[in-house]
Amino acid sequence: MPLPSPLQALAEQEFSQLLEVLPQVAEWSDELQQQTCEVMGLSPFVAETLKRGPEWAGDLPKRIPFKVNDPVAYRDVLSQQLLTCESEVQAMAILRHFRQEEMTIIAWRDFHQLWSIQESLHHLSELAEAIIFEAYHWLYQMCCREWGTPMSVDGHPQSMLIIGMGKLGGTELNFSSDIDLIFTYPENGETQGTRRSIANAQFFTRLGQRLIKLLDQPTVDGFCYRVDMRLRPFGESGPLVMSYSALEDYYQEQGRDWERYAMVKARVMGREMYAHYQELREMLRPFVFRRYIDFSAIQSLRRMKTMIRSEVRRRGLHDNIKLGAGGIREIEFIVQAFQLIRGGREPALQERGLLSALEGIKQLELMPELAITQLYQAYLFLRRLENLLQALEDKQTQTLPQDSANQARLAYACGFTDWSALVVQLRQHMQNVHQVFNDVIGEEEEHTQDCAPECYQELWQLSDDEEMVKQILHDELSISIKANLHQQLVSFKHDLDKKTIGPRGRDVLNHLMPKVFHAIFIHPDAEFGFERVLSLLNHIVTRTTYLELLDEYPAALTQLVNLCTASPMVSKKLSRYPILLDELIDPEQLYHPIDVSEYHRELRDFMARIPEDDMEQQMEGLRQFKQIAILRIAAADITGVLPVMKVSDHLTSLAEAIIASVVKQAWQQVTEKFGQPTHLSERDGLGFAVLGYGKVGGWELGYNSDLDLVFLHDCPDHVLTDGAKEIDGKQFYLRLAQRITHLFSTRTPSGILYDVDTRLRPSGAAGLLVSPLTSFAQYQQENAWTWEHQALVRARMVYGDEILERGFTRVRHDILTIPRNEATLKQAVADMREKMRKHLAGKKAGRFMLKQDSGGITDIEFLAQYLVLRYSHTKPQLTRWSDNVRIFESLAQQAVLSSEQAAQLTHAYTTLRNQIHRRNLLNLSTDVALSRFTNEREQVIDLWNTWLG
């Protein structure tokens with residue numbers, strides 16, 4: 001497409017002037033002369049730069065290849081040029097000439113569309129980094145000669161870290177952008193090597209001042225970059241350079257929301273400085289990325305957007321493609337909202353670059369795919385337009401030109417036939433962006449509208465006055481005074497007065513509480529929910545971000561009230577682990593737990609986000625996953641989505657997935673130290689198994705169940721490990737089992753993982769923590785008591801390789817099918833049951849203990865175990881299952897029980913277990929009135945007497 005005629009005439013005029021200054025241009029190829037003429041018509045900056053006749057212009061035929069240069073070469077070239085430099089004046093000239101040359105090449109490629117906008121922004125960022133860092137490197141050596149080398153207390157040389165912020169940090173620098181920098185150094189000390197030492201702080205302050213001058217001060221050759229240091233702690237009033245510890249103290253104690261946004265993109269200049277930056281980055285990570293989901297970001301971004309919009313109006317910044325509605329800034333706000341809200345828990349969102357972070361949002365499915373596509377396309381379009389706009393005259397502007405010449409230049413460079421066609425495309429992109437922005441972040445004005453009825457506003461405003469509270473509750477809300485809700489509210493308000501909440505927290509609380517009252521009092525069981533919700537809020541009220549979550553998401557507040565009202569267990573869990581509040585956002589996901597077969601995959605995906613070498617975070621991650629999963633199961637249980645049998649299936653599958661993950665973690669930690677036993681070199685698997693007994697073995701876990709586990713291995717004698725620290729194979733498996741129990745029992749902020757009971761192993765607490773399979777088999781054959789064989793009925797392998805699984809299944813089958821004397825077996829089982837009853841049953845007069853009293857769950861379990869042990873030698877199919885319901889089905893199929901008897905036991909068992917689940921959710925003990933479940937109990941007692949009486 002030829003240049004429009006007005007631009008063509010201008011281009012030819014500029015080119016003829018260039019020929020006068022650089023006659024050798026006439027010797028260039030026709031294609032290069034045509035390109036040169038065209039770009040001079042499109043960019044006054046390029047035209048003026050070339051017409052000055054710089055020495056490097058003669059090398060353009062070598063510098064304008066269609067293949068893009070490696071941006072890393074910028075530093076190599078510039079460092080060579082600075083080697084012979086002896087003064088700051090000379091350095092300024094070298095830096096400015098170098099920038100002009102490279103910026104001309106970049107503009108040339110931009111206007112001729114020889115590369116993508118991503119490549120252009122990357123080169124601009126790398127060029128700036130090269131100029132900044134090589135200038136620093138040259139100055140550092142000069143300053144060391146003048147004032148000595150800055151040293152740490154223990155005698156190590158100190159360097160200054162230059163942190164690039166904003167688009168420089170994100171490797172997305174504009175053509176004519178300012179550069180935002182922060183200077184820091186590791187620690188205080190003094191310089192060494194000169195007659196007079198100075199403090200490190202003084203050294204680096206002087207160095208920083210000189211560096212800013214080197215880059216920013218205008219000379220006859222122009223300047224390199226406008227340097228903006230206002231993002232440093234305390235802004236313009238703060239010290240120019242601070243130590244790591246001072247920086248950390250500032251951000252932890254005084255860091256503001258906008259500084260978090262800025263720090264997301266922070267990147268240290270100079271690749272050789274990255275290792276030094278890791279320490280500082282880890283120090284600052286908790287400030288930038290909160291480990292909980294942080295909804296304070298949305299309201300802060302709204303406020304910033306409102307301030308920017310006001311500034312646009314005040315300054316008359318119309319047609320601004322950065323700050324206007326749907327502009328670049330709104331795209332940045334959308335992406336930053338997700339980064340700051342979820343970045344602490346999603347490493348994919350901790351990217352500095354906007355497009356990389358947008359890809360993370362896509363992978364995590366946090367936005368509709370169409371919206372992500374619109375943002376991606378709009379961002380590339382707006383950034384290309386912005387870059388070309390600035391490359392016209394090397395000026396920092398984002399406002400569309402009003403003159404026809406520059407409009408024609410931009411339209412042509414962007415591939416449009418005329419300016420109006422470009423504007424149509426631009427408006428469409430900006431409309432799309434603004435729509436997504438409103439969907440994600442919204443406007444501050446719309447958010448501040450109160451949505452709770454007036455009586456709830458008054459209830460909160462007057463909550464210090466018990467009589468007024470009582471009157472509102474009784475007259476307006478028809479709440480009985482006997483319920484004492486007025487006293488609970490007044491007490492809650494008094495408790496708040498003693499807490500350090502802060503102005504932001506108070507504002508959010510004042511906005512939230514009327515909504516809380518509204519959600520509670522439209523619930524039919526408000527009397528129960530009121531106290532529990534207030535108790536929960538009392539626990540989390542100093543964590544403003546959680547209040548903001550509930551304020552932002554009415555659906556989350558509704559779910560909170562529903563769950564707390566239905567279950568004090570859930571209420572206490574949310575109070576203890578408020579990170580679970582994040583799960584209330586999506587009711588669809590909350591009330592529809594994953595398929596029972598998916599827990600292994602879900603846990604694997606969840607843990608993949610945490611570095612494998614971070615043991616502390618791995619342990620915390622497991623506990624968080626468990627708490628999240630149990631909350632979802634409980635929510636589905638409360639609403640009847642899951643029947644009792646399915647609840648236990650889910651809780652058991654969850655436990656199995658966690659056991660597998662714990663074994664994997666323990667294996668990794670132990671093998672790192674000792675290697676692995678050499679017998680594994682010729683087989684798959686770990687040669688290690690975990691047996692589940694009791695409830696986990698019978699697929700019958702409840703919400704508060706512990707895990708009865710036994711560990712096995714099949715390591716031969718005289719096997720050693722192959723690691724640097726060699727140990728015996730059996731000792732290795734003992735260390736592995738110890739590590740597993742440690743990972744389960746260690747308390748982190750999210751509690752312990754499970755209480756693990758290993759006393760069912762051979763010889764109980766006196767036996768080895770982990771046994772060889774052969775020893776296990778021998779013990780079961782020769783030394784085990786009848787009650788241990790009963791326990792084996794409810795045992796299965798919950799983790800292990802195929803070889804061990806076959807071995808254990810064979811041992812279990814052989815033991816259960818041993819012919820037993822009926823009278824002896826009956827006596828042993830009955831005696832053990834009586835012993836348990838004496839110790840555990842009948843603790844409350846007039847109450848039926850669901851588990852231990854006659855006719856309860858333990859009677860049913862003992863009946864199943866007795867019948868399997870009694871008849872398996874003639875009916876070996878009875879050994880197949882370890883859960884009671886399928887055992888009763890097998891007993892009916894094998895004609896040991898009648899279908900009616902099996903149905904009676906199954907009905908009684910599931911009914912009583914369902915009641916225990918219900919009472920667990922209500923945090924009630926497992927006993928009920930004697931008048932309840934009389935039919936079920938009588939049937940169980942009759943069958944007990946039939947078989948064991």
Side-chain angles (χ1 to χ4, degrees), residues 285-286 289-295 341-347 535-543 545-547 549-550 556 559-560 563-564 567-586 589-590 593-594 599-600 602-635 650-651 653-666 669 701-707 739-756 920-921 923:
R285 186 185 299 275
F289 296 111
R290 311 277 163 80
R291 72 179 182 87
Y292 46 79
I293 294 185
D294 179 14
F295 283 91
I341 290 169
R342 298 179 181 271
R345 293 174 63 177
E346 302 290 356
S535 176
L536 184 147
L537 291 173
N538 204 7
H539 279 89
I540 67 169
V541 74
T542 57
R543 311 275 284 278
T545 187
Y546 290 127
L547 301 179
L549 183 156
L550 297 173
Q559 306 318 319
L560 175 72
L563 290 173
C564 289
S567 170
M569 183 201 82
V570 173
S571 173
K572 288 188 177 180
K573 191 175 286 291
L574 290 168
S575 297
R576 190 172 182 186
Y577 310 117
I579 197 168
L580 294 175
L581 291 170
D582 304 336
E583 300 305 310
L584 304 179
I585 296 168
D586 185 357
Q589 187 178 29
L590 177 65
I594 62 174
Y599 282 101
H600 284 273
E602 285 279 326
L603 177 55
R604 189 167 57 248
D605 292 348
F606 187 89
M607 298 301 289
R609 306 166 187 172
I610 305 171
E612 281 195 357
D613 58 352
D614 192 337
M615 187 179 74
E616 185 176 330
Q617 281 303 309
Q618 286 273 329
M619 292 170 68
E620 176 68 2
L622 279 174
R623 286 150 178 78
Q624 286 182 4
F625 181 83
K626 179 195 171 189
Q627 301 292 0
I628 290 168
I630 286 181
L631 177 66
R632 292 178 181 173
I633 294 168
H650 278 263
L651 291 170
S653 289
L654 169 63
E656 285 190 20
I658 289 174
I659 288 168
S661 186
V662 167
V663 172
K664 177 187 173 186
Q665 284 186 30
Q669 292 167 23
L701 279 182
Y703 291 109
N704 302 317
S705 297
D706 57 7
L707 302 182
R739 173 55 53 177
I740 289 169
T741 56
H742 171 76
L743 291 175
F744 271 115
S745 61
T746 300
R747 186 170 296 279
T748 75
S750 291
I752 64 168
L753 202 46
Y754 285 98
D755 282 315
V756 173
N920 281 340
L921 286 171
N923 269 359

What is the distance from atom [atom1] of [X] to atom [atom2] of [Y], rounded to the nearest 0.5 Å?
X	Y	atom1	atom2	value
Ser750	Arg576	OG	CZ	9.5 Å
Leu654	Tyr754	CG	OH	4.0 Å
Phe606	Ile628	CZ	CD1	4.5 Å
Ser571	Leu921	OG	CG	12.0 Å
Ile540	Leu560	CD1	CG	7.0 Å
Ser653	Ile658	OG	CD1	11.0 Å

task = Applying ring pair (Phe, Tyr, Trp, His ring centres under 6.0 Å), name anything that partners Tyr703, two or more places apart in sequence or on another chain.
result =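 Partners of Tyr703 by the ring pair (Phe, Tyr, Trp, His ring centres under 6.0 Å) criterion, ordered by chain and then number, come out as His917.
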
Within a strict 4.5 Å, meaning less than it, do heavy atoms of the [X] and [Y] side chains meet?
X	Y	result
Ser705	Leu651	no
Pro578	His539	no
Leu622	Leu603	yes
Leu701	Glu656	no
Met619	Leu743	yes

All salt bridge (charged side-chain N to carboxylate O under 4.0 Å, His left out) counterparts of Arg632, not counting sequence neighbours =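 With sequence neighbours excluded, Arg632 shows a salt bridge (charged side-chain N to carboxylate O under 4.0 Å, His left out) to Glu583, given in chain and number order.
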
Side chain to side chain donor-acceptor pair (under 3.5 Å) partners for [X], two or more places apart:
X	value
Lys573	Gln627
Thr542	none
Ser745	none
Asp755	none

message = The test is side chain to side chain contact (heavy atoms under 4.5 Å, CB included); show your working for Met607 and Gln665 and say whether it passes.
response = CA-CA 11 Å; Met607 298 301 289; Gln665 284 186 30; 3.6 Å; yes

key: Verdict with reasoning, Asp614 to Glu620, per side chain to side chain contact (heavy atoms under 4.5 Å, CB included)   = CA-CA 10 Å; Asp614 192 337; Glu620 176 68 2; over 6 Å; no

Can you give me the closest heavy-atom contact between [X] and [Y], atom names plus distance?
X	Y	value
Ala556	Leu549	CB-CD2, 4.0 Å
Cys564	Leu574	SG-CD1, 4.3 Å
Leu563	Val570	CB-CG1, 3.8 Å
Lys626	Leu753	NZ-O, 2.6 Å
Leu537	Leu547	CD2-CD2, 4.2 Å
Gln618	Ile610	NE2-O, 3.2 Å

inquiry  = side chain to side chain contact (heavy atoms under 4.5 Å, CB included) for Leu707 and Phe744? Distances and angles first, verdict last.
reply    = CA-CA 10 Å; Leu707 302 182; Phe744 271 115; 4.1 Å; yes

ask   = Where do Tyr599 and His650 land on the side chain to side chain contact (heavy atoms under 4.5 Å, CB included) test, with the steps shown first?
value = CA-CA 8 Å; Tyr599 282 101; His650 278 263; 2.8 Å; yes

